[in-house]
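Because the structure is predicted, anything quoted here is derived from the model rather than measured. To find a chain, count down the sequence lines: A is the first, B the second, and so on, and within it residues start at 1. Note: hydrogens, waters and symmetry copies are ignored here, and every other heavy atom, side chains too, is used.
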2 protein chains.
Amino acid sequence: MRESGNAQAKPYHHGDLSRALVEAARRILEAEGAVALSLRAVAREAGVSPAAPYHHFKDKTELLEAVAHGGWDALSHAIIEARRTAASPGEALESIGLAYVHFALQNPALYRLMYDTSRDRMAMPAHIKEEESGYSEVQCALVAAGADPNDDRELQLATIASWCAAHGLAEMCNFEQFRPLKEAMGGDEAFLRGVLRHFGTFSLAGLHGKR
Amino acid sequence: MRESGNAQAKPYHHGDLSRALVEAARRILEAEGAVALSLRAVAREAGVSPAAPYHHFKDKTELLEAVAHGGWDALSHAIIEARRTAASPGEALESIGLAYVHFALQNPALYRLMYDTSRDRMAMPAHIKEEESGYSEVQCALVAAGADPNDDRELQLATIASWCAAHGLAEMCNFEQFRPLKEAMGGDEAFLRGVLRHFGTFSLAGLHGKR
DNA sequence: AGATGATGTTGACACCGTTCAGATGCACGC
DNA sequence: GCGTGCATCTGAACGGTGTCAACATCATCT
C-alpha cells in the first residue's frame with residue numbers, strides 16, 4: 001500500500017511493470033537528468049523493489065534501450081509531422097531539420113540516451129529505416145527538393161549526409177562558442193536556419209552538381 | 001614499485017601524479033573502454049590508493065576533462081596535419097574531413113569522452129577556437145576552397161556546418177544500417193568519401209549560391 | 001484442490017565516488 | 001643539521017549502485 005489508500009492500493013503483483021518502469025525512467029530522465037537515472041531509482045519511482053525490474057529486463061541496458069526506443073518513435077513522428085505541415089515540398093527539408101533539432105533541444109537527456117544506446121549497438125533501431133519512419137521521410141523530402149529518385153546510391157548518401165549533419169547540429173548547437181554569432185544573428189532560430197540553409201543547399205548541390 | 005624495477009622505483013611521494021593519472025586513464029580507456037573507466041581503476045592502474053587522485057583533481061569529472069583536453073589537442077593536431085599534407089588547397093576540406101573521421105574511428109572511446117564532457121559544459125575547450133587550432137584550420141580550408149573571406153558571418157556558418165557534419169558522420173558512420181551501402185561502394189573509405197563529397201560541395205554551394 | 005510458473009521481496013556481494021583522520025616524507029627556516 | 005610545516009598519500013568508512021540467489025505470493029490450468 002502506498003499513498004493512494006482508497007482506489008485500489010497496489011494490486012496483486014503490479015499489472016504491467018514493463019510499461020510502468022519505462023514511464024518511470026522517462027519521468028526521472030526529464031526531471032532529474034541522466035545522472036540520476038539508476039535502476040534502483042526507477043524501481044523506487046515505480047514503487048517496486050530494486051530487483052523487480054530483472055523479471056522484465058535482463059539488464060539496466062535493456063531498460064534504457066526500451067526508453068530510447070520510445071524516443072525514436074517520438075522523433076520519427078516529429079519528422080513525419082514536419083514534412084506533412086511544411087509550407088511547400090521544397091521547404092520540407094528545412095522544416096524537417098528544424099523539427100529534428102527542436103526535438104533534440106526539448107528532450108536533451110532522452111536524445112542523448114537514444115544515441116548513446118545506438119552507438120553501443122552500432123545501429124539505430126531497425127524501424128527507423130522502414131517505411132513511414134524518419135529516415136524514409138528525409139529521403140522523400142530530398143526527392144521533393146529535386147533529388148533524382150532513380151540514382152539510389154546518391155540518394156542514400158544524401159540522406160545519410162543530411163541525417164549526420166542534423167545530428168551534429170543538434171548536439172552542438174548550444175555550445176557557448178556559438179553564442180556571439182547567435183546574438184549577432186538575432187537569436188537561436190536565425191542561427192539554426194543559417195546553418196540548416198547550408199545543409200539544405202548542400203544536398204541539392206551534391207545531387208545535381210558535377211561528379 | 002611497478003614494472004620498471006631498475007630506473008627509480010616509486011619515488012618519494014610519486015613524482016607528478018596528475019600526469020600519471022591522466023595517462024593511466026587513457027590507457028584504460030583504450031584498452032577496456034569507457035565502462036571500465038572508474039576513478040578507482042585509474043588509481044589502481046597508477047599504483048596509488050583510491051583517495052590519492054583527490055589531491056590533484058577535485059572530481060572524477062575533472063580528471064575526465066583533463067583526459068578529454070588531451071584528446072582535443074590530438075584532434076587539432078590531426079586536422080592541422082591533414083591540411084598541411086593535402087594534395088591541393090582545394091582538397092584540404094576533404095582531407096580534413098577524412099582525418100577527422102579517422103581520428104574518431106581510431107580513438108572511439110576518447111572521441112566520445114571528448115564530446116560527452118563538452119556537452120556537459122555546453123562548450124568545446126577554449127583553445128579549439130583560437131589560432132592554429134582545428135576550428136581555424138577548417139575556416140582556412142574553406143577559404144582555400146573558394147569561400148569569401150570577407151563575409152565573416154557566412155564563413156562562420158559554413159565552418160560550423162562543416163564541423164557539425166563531420167561530427168555527425170564520425171559518430172554514425174559505423175552504424176549497421178549503412179553496411180550494405182558500404183559494401184556496394186567497395187569499402188568504408190569509399191563510403192566516407194561519398195558522404196564527405198556532399199559535405200564538401202555544400203559549403204561552397206552555401207557560400208556562393210543565392211540568398 | 002494442488003501443482004506450476006510468472007512475478008515480486010529480502011538480503012547479500014562487489015564495486016563505485018567521496019570524505020576524513022592520520023601517516024609519510026620533501027622543503028625550507030633556524 | 002635539524003625540527004617544523006605542508007603537500008601528498010594511505011586506510012577505513014559511508015551511502016549508493018548493478019546484479020544475483022533464495023524465498024514469498026498470486027493467477028491459472030488441470
TODO: Could you name each residue pair satisfying salt bridge (Lys or Arg N to Asp or Glu O under 4.0 Å) that touches residues 47-57 of chain B, not counting sequence neighbours?
DONE: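 For residues 47-57 of chain B: none.
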
Task: Residue pairs, two or more places apart or on separate chains, that pass salt bridge (Lys or Arg N to Asp or Glu O under 4.0 Å) and touch residues 156-170 of chain A - done: none

Task: Side-chain ion pair, B:Arg193 and B:Glu94, N-O less than 4.0 Å - done: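 Yes, B:Arg193 and B:Glu94 are salt-bridged.
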
Using only atom types and a distance under 3.5 Å, with no angle test, would you say the side chain of [X] pairs donor to acceptor with the backbone of [Y]?
{"X": "A:Arg84", "Y": "A:Ile79", "answer": "no"}
{"X": "A:Ser95", "Y": "A:Ala82", "answer": "yes"}
{"X": "A:Lys182", "Y": "A:Ala190", "answer": "no"}

Open item on the list: Applying side chain to side chain donor-acceptor pair (under 3.5 Å), can you list everything that pairs with A:Arg44, at least two apart in sequence or on another chain?
Closed with: none

Task: B:Glu137: side chain to side chain donor-acceptor pair (under 3.5 Å) partners, not counting sequence neighbours - done: B:Arg83

Task: Of residues 53-70 of chain B, the positions that come close to DNA chain D - non-hydrogen atoms, cut-off under 4.0 Å - done: B:His55, B:His56

Open item on the list: Let's see if you get this right: which residues in residues 110-122 of chain A place a heavy atom under 4.0 Å from DNA chain D?
Closed with: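 None, since no heavy atom is under 4.0 Å.
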
Open item on the list: Under the criterion side-chain contact (heavy atoms from CB on, under 4.5 Å), I'd like the reasoning laid out for A:Arg197 against B:Leu157: C-alpha separation, chi angles, the key distance, then a yes or no.
Closed with: CA-CA 9 Å; A:Arg197 178 161 40 82; B:Leu157 286 176; 4.1 Å; yes

- [ ] Could you tell me, to 10°, how much the axis swings from one end of the helix from C:dA1-D:dT30 to C:dC30-D:dG1 to the other, five pairs per end?
- [x]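 The value is 10°.
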
Task: Phosphate contact (D:dT17 OP1 or OP2) by A:Arg44 side-chain N/O below 4.0 Å - done: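 Indeed, a polar side-chain atom of A:Arg44 lies that close.
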
If a pair satisfies side chain to side chain donor-acceptor pair (under 3.5 Å) and one of its residues is in [range], list it, with sequence neighbours excluded.
{"range": "residues 23-36 of chain A", "answer": "A:Arg26-A:Glu30, A:Arg27-A:Glu45"}
{"range": "residues 47-71 of chain A", "answer": "A:Ser18-A:His56"}
{"range": "residues 106-124 of chain B", "answer": "A:Arg112-B:Asp120, A:Asp120-B:Arg112, A:Glu171-B:Arg119, B:Tyr100-B:Tyr111, B:Tyr100-B:Tyr115, B:Tyr111-B:His167, B:Tyr115-B:Trp163, B:Asp116-B:Arg119"}

TODO: Nearest whole angstrom, please: distance from the P of D:dT8 to the CG of B:Leu21.
DONE: 12 Å

- [ ] Can you tell me the distance, in whole Å, between the CG atom of A:Leu17 and the C1' atom of C:dG8?
- [x] 8 Å

TODO: Check ring-ring contact (aromatic ring centres under 6.0 Å, His included) between B:His102 and all other residues, then give those that pass, not counting sequence neighbours.
DONE: none

Task: Contacting residues from residues 30-42 of chain B, given that a heavy atom lies under 4.0 angstrom of DNA chain C - done: B:Ser38, B:Leu39, B:Arg40

